[in-house]
Amino acid sequence: MTGFLDEPDLRHIRECGPPSLPRPLYDFAAVLSVALRIEPELIRTVRRELFPRLDVDAEGDFWFSDLVLSRGPKGVVLDPEARRNLHGHLAQMVATQPSADRVHGVWDCIADVHRRLSPALRLEEYITWLALSGRAQDIDAALAPALKAVIVEDREGVAKWFASAWYRLPAPAQQTAAAWKLAHVSLRHQSRRRPHFASTPPLTATDLNDVVHLLDDAHINVRRTGDLIELGNLGPGRGARSLSIPDTYPRLLTLVDPAAVEEEHISVAPGEVVSRRVGPQPVRLRTARGLEYELPAPDSGAPERRGLFMAVVPDDHERDHPAGSAAVRRLTGVLRKAGYDTRTTMDLSEAAALAGDFSTVLVLVSGHAVRRAEDGSLFLTSDGVTDGIDTGAAVENVEAVLASVRAEQFLLVLDLCEVRGPDGRTTLAPSPSEERHWRGRFVSHAPHRSGSDPSRLVETLCDLLTRGPAPEARDAWHADREFITGEDLCTTALAHVPHHASFASRGQARPMFPNPGYGTEAAAETHTPSPTRTDPPRSERPAVTDLVVVLPTFMGSTLRQGNKTVWGTAPTEMMRMALRAPALFRTLMLPDDIGDGPAPDGVIPAALIRDVVTLPGVSITSGYDRLLSFLRRLGCRDVTVGTGSAPGNLLPLPYDWRLSNRQVGAWLGTVIEPVLERWRAQGGPYHDAKVIFVCHGTGGLAARWYTAHADGAAITKCLITIGTPLRGLPRMAHQMVHGSGMVRAMREASSAFLRTLPAAYQLLPQYACVERGVELVPLTEEPLPPLHPAKVRDGVRFTTELLETELAQPDGLFERYSIIGTGQPTPTTLRIADGVVTMLDTYRGEDFSGDATVPRVSAFRPGEGLRSVQTVQSRHGDLHTNSQVLSGLEMAIVRSPLNNVR
């Protein structure tokens with residue numbers, strides 16, 4: 001109890017002490033403060049049962065005390081500040097009184113009087129009592145039904161109640177995990193400010209799985225410097241990248257470091273900066289949405305020691321050249337932000353004296369002229385007008401001073417006034433240097449005239465180091481490079497300086513300055529391009545160079561027979577299908593002996609379904625318009641037919657969903673491979689293009705068969721499945737027996753129709769899902785009339801063959817990226833009795849949930865973990881339009897903002 005009372009909020013309340021009321025009456029008021037509604041009946045009951053020594057006058061004293069904010073015929077309401085103080089006093093009473101004391105019976109007394117109070121308000125009072133009685137560990141269990149009502153059942157009334165209740169709860173209640181989650185999901189659309197969390201429960205990113213779909217996104221900055229990773233409010237400094245994460249207080253991430261034994265969970269409060277030491281290898285940051293950002297290993301070419309920038313200017317530079325002086329100050333600020341130490345001096349020899357402490361040195365000489373003495377030595381003069389060199393104007397011998405600079409990277413920039421005479425445009429060659437050292441000299445001569453200001457070069461350097469060059473000149477500055485060399489800077493500056501300039505260098509140039517364009521296309525880059533690669537730089541490459549094939553789910557393609565649509569989603573078609581559903585199903589039935597063959601009735605697939613529809617016998621929440629529009633915004637171009645049309649790389653591929661997935665999988669190659677060849681024929685970045693499958697639901701089964709049994713793996717880059725049932729659907733068994741629909745004729749027609757489809761049999765659950773006593777057995781071991789036993793066995797064999805073949809495929813053949821829905825009540829097992837199939841939402845007594853169609857036990861391969869799977873709180877029919885799913889698709893397809901999304 002001591003630790004509870006030592007909480008800062010409660011300690012402050014305890015120290016405030018009771019106000020003007022006598023102590024017994026204040027104790028009485030503290031007990032009543034647990035209740036939200038304090039009516040006369042409650043006041044009298046508490047006095048009689050818990051404070052029998054108080055007389056009836058105590059009730060009136062409390063009623064008219066300054067603790068009460070308002071009074072009415074039905075009761076009183078306490079002042080919020082006074083109620084908080086009373087809560088602290090009650091917590092102290094409970095903690096210090098023996099267990100036999102009457103104060104421990106507060107809740108029994110209040111609960112009896114308020115037994116008819118609304119469940120929400122009664123729950124709030126109970127949570128308050130648990131917090132004040134030192135039983136905060138029980139609050140999560142008490143709030144579990146409310147949490148489920150908000151995140152699973154989407155009950156807006158419960159969310160509104162807790163949004164109001166949050167501000168009334170004691171601090172210990174606010175610091176529990178369930179209350180923390182409820183606060184975030186209930187208050188996210190409130191106009192009030194985000195509540196302040198005095199302290200937060202020890203949650204991790206993985207603890208947000210049940211609420212993450214209801215959270216908005218926020219951004220957090222991350223920066224890696226060597227083996228140090230910093231996260232939080234880093235500001236606009238160099239190298240900081242912005243990551244999108246769920247908006248919580250604090251921000252929660254998981255650090256995945258291959259060199260560490262376990263993953264580390266990180267929490268970052270807004271406004272704070274958290275740092276972690278990691279190994280030299282790439283590491284990943286995983287968000288609560290299951291997205292992973294990879295931070296590459298430190299650039300081995302990055303500067304290892306501090307840099308020095310020294311500006312050498314005459315003492316009258318500010319007066320004679322105000323614009324030039326301002327430009328030098330600006331460049332000083334730019335390089336200081338980049339991590340350079342900066343100096344301003346009038347003595348060139350000071351650069352040589354300081355350079356020994358730095359590996360990178362940049363010296364700018366501005367406001368001077370250069371002249372050659374009779375002995376051939378070069379001198380800087382502070383007076384560009386003087387034809388001769390006198391002792392007052394001669395500053396330093398350039399060659400003698402700079403030859404002593406031993407920095408590994410040394411750049412001398414001479415921004416000079418041009419003098420009259422033959423020495424005015426002398427070009428200085430770089431001094432000899434060791435092989436590992438680099439020396440560069442940039443000389444610019446501004447035309448000599450009265451009032452001239454040699455500031456254009458300095459302004460050019462500032463612009464290049466803050467914004468980079470124009471797009472057409474970014475070969476050495478593209479976003480894959482974190483640093484540029486002095487050679488890069490000077491060769492680019494040559495094209496921007498209007499007057500005479502020259503540049504010469506010697507030695508091997510190494511990274512010297514931050515690239516302002518680094519990371520503009522990515523939050524965290526994945527790969528460093530090979531130096532021998534001949535493809536265009538990333539900034540010049542299209543966003544998507546592979547062929548994207550979209551496969552819909554079961555019943556997700558429209559079907560035509562001749563000129564008539566027999567399965568479609570236009571309003572007129574929907575009305576006709578709804579009115580004639582039994583006849584329609586009879587038309588679409590397949591013969592018993594079709595097996596893995598093609599359709600014999602002339603029915604062909606026409607298009608993906610559109611918009612939001614409800615088809616007879618099966619509900620389909622969303623069509624594919626939004627998904628296709630999203631892929632087009634990523635840069636995908638629709639595949640068009642015709643010799644004069646441009647090649648495309650977005651192929652929405654409808655298929656006859658009635659047929660065996662073996663048949664559809666083999667057919668995919670006949671359509672996809674010619675389109676891919678035409679796309680590759682463009683050459684350049686397209687010559688090695690592959691296929692990226694985006695498969696919703698059962699579309700993933702046909703694509704998996706194509707990659708496993710029809711040689712499709714060779715041309716596949718990534719197989720993305722969204723809600724694909726890898727091990728079957730118990731719901732399908734129920735529908736094949738009992739059908740679906742509101743009327744009996746519809747149910748009978750739909751069940752008879754499904755029993756003729758090879759694809760439906762291939763959707764029967766392959767795992768043990770049928771109750772037999774206390775055990776679960778496979779569907780093949782439990783006869784289920786009217787299903788055909790041989791077809792049941794063949795359908796289950798399809799799933800088993802597919803899983804076994806995929807297991808035997810070598811790792812890295814192509815990427816697999818699975819998205820599954822969670823958090824919805826989902827049929828997972830079956831109970832069969834007297835020919836009646838009952839669907840159960842549990843598996844061996846546990847509720848694993850799912851997307852309302854695909855149970856979680858079917859969403860994973862045997863032995864597969866969560867590392868290659870992204871979970872999203874959504875129903876199956878809406879998965880492919882879910883904003884989190886679309887974000888994951890962008891990162892998996894474009895590969896620009898993030899690394900591989902797990």
Side-chain angles (χ1 to χ4, degrees), residues 118-121 123-124 126-128 130-131 136 139-220 244-254 265 267-270 287-291 820-825 847 849-852 870-875 878-879 881-885 887:
S118 71
L121 297 181
L123 174 60
E124 182 179 343
Y126 181 53
I127 297 301
T128 300
L130 291 177
I139 293 179
D140 284 337
L143 282 176
L147 187 61
K148 181 179 180 181
V150 173
I151 66 177
V152 177
E153 302 169 10
D154 196 22
R155 291 171 58 182
E156 186 177 355
V158 178
K160 288 182 177 179
W161 157 72
F162 195 81
S164 173
W166 168 261
Y167 300 95
R168 299 189 293 265
L169 291 177
Q174 292 181 339
Q175 294 160 13
T176 60
W180 185 91
K181 292 179 181 181
L182 270 171
H184 280 84
V185 299
S186 300
L187 296 167
R188 69 190 191 281
H189 298 311
Q190 299 292 316
S191 59
R192 307 184 189 186
R193 292 173 48 199
R194 177 186 296 278
H196 173 68
F197 292 88
S199 63
T200 57
L203 294 176
T204 67
T206 56
D207 293 325
L208 301 183
N209 285 341
D210 53 349
V211 297
V212 69
H213 66 295
L214 296 174
L215 300 176
D216 296 326
D217 278 333
H219 289 85
I220 188 172
S244 178
I245 63 173
D247 186 9
T248 60
Y249 184 105
R251 315 292 192 224
L252 301 175
L253 300 101
T254 301
H265 300 289
S267 63
V268 185
T287 74
R289 300 198 192 281
L291 307 180
I820 67 173
T822 62
Q824 317 299 319
D847 183 1
S849 73
D851 64 9
Q870 178 189 355
T871 58
V872 177
Q873 296 266 353
S874 178
R875 297 178 65 86
D878 300 327
L879 267 175
T881 61
N882 183 281
S883 58
Q884 299 175 37
V885 172
S887 297

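Throughout, numbering of the chain's residues begins at 1 and tracks the sequence. Note that the structure is a prediction, hence the values are computed from the model and not measured.
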_If you define the side chain from C-beta out and look only at heavy atoms, does anything of T204 sit under 4.5 Å from L252?_
no
*asked:* Please give me the minimum heavy-atom distance between A163 and S186, naming the atom from each residue.
replied: CB-O, 3.8 Å
*salt bridge (charged side-chain N to carboxylate O under 4.0 Å, His left out) contacts in which one or both residues fall within residues 161-177, not counting sequence neighbours*: E124-R168
_My understanding is that only residues two or more places apart in sequence, or in another chain, count here; which of them pass side-chain contact (heavy atoms from CB on, under 4.5 Å) with A218?_
D247, R251
*asked:* List the residues meeting side-chain contact (heavy atoms from CB on, under 4.5 Å) with P145, not counting sequence neighbours, and say none if there are none.
replied: none
*With sequence neighbours left out, which residue pairs that include part of residues 171-181 fulfil the salt bridge (charged side-chain N to carboxylate O under 4.0 Å, His left out) condition?*
K181-D210
_Nearest non-hydrogen partners of A179 and F162, listed with the distance_ = O-CE2, 3.7 Å
*Do W180 and T248 come close enough that some side-chain heavy atom pair is under 4.5 Å?*
yes
_Heavy-atom pair of closest approach, residues L879 and G821_ = CD1-N, 3.8 Å
*Using salt bridge (Lys or Arg N to Asp or Glu O under 4.0 Å) as the criterion, list what pairs up with D217, not counting sequence neighbours.*
R289
*Any side-chain heavy-atom pair from T176 and I127 closer than 4.5 angstrom?*
no
*For Y126 against A142, the heavy-atom pair lying closest together*: CE2-CB, 4.0 Å
_Would you say that D851 contacts R875 through its side chain, given a criterion of any heavy-atom pair below 4.5 Å between the two side chains?_
no
_Sequence-distant partners of T822, side-chain contact (heavy atoms from CB on, under 4.5 Å), two or more places apart_ = I820, S849, R856, T871, Q873
*side-chain contact (heavy atoms from CB on, under 4.5 Å) partners of N882, counting only residues at least two apart*: V872, S874, Q884, V885
*For V150 and A159, which heavy atoms make the closest approach, and how far apart are they?*
CG2-N, 3.9 Å
*Smallest separation among heavy atoms of P250 and S267, with atom names*: CG-CB, 3.7 Å
*Just jot down the side chain to side chain donor-acceptor pair (under 3.5 Å) partners of H219, sequence neighbours excluded, or say none.*
none
*asked:* How long is the straight-line distance from CZ of R155 back to NZ of K148, given to the nearest 0.5 Å?
replied: 10.5 Å
*Compare all side-chain heavy atoms of L143 with those of L123 and state whether any distance is below 4.5 angstrom.*
yes
*Quick one: CD1 on I139 to CD on Q175, what's the gap to the nearest 0.5 Å?*
9.5 Å
_With S118 via side chain to side chain donor-acceptor pair (under 3.5 Å) - residues at least two apart_ = none
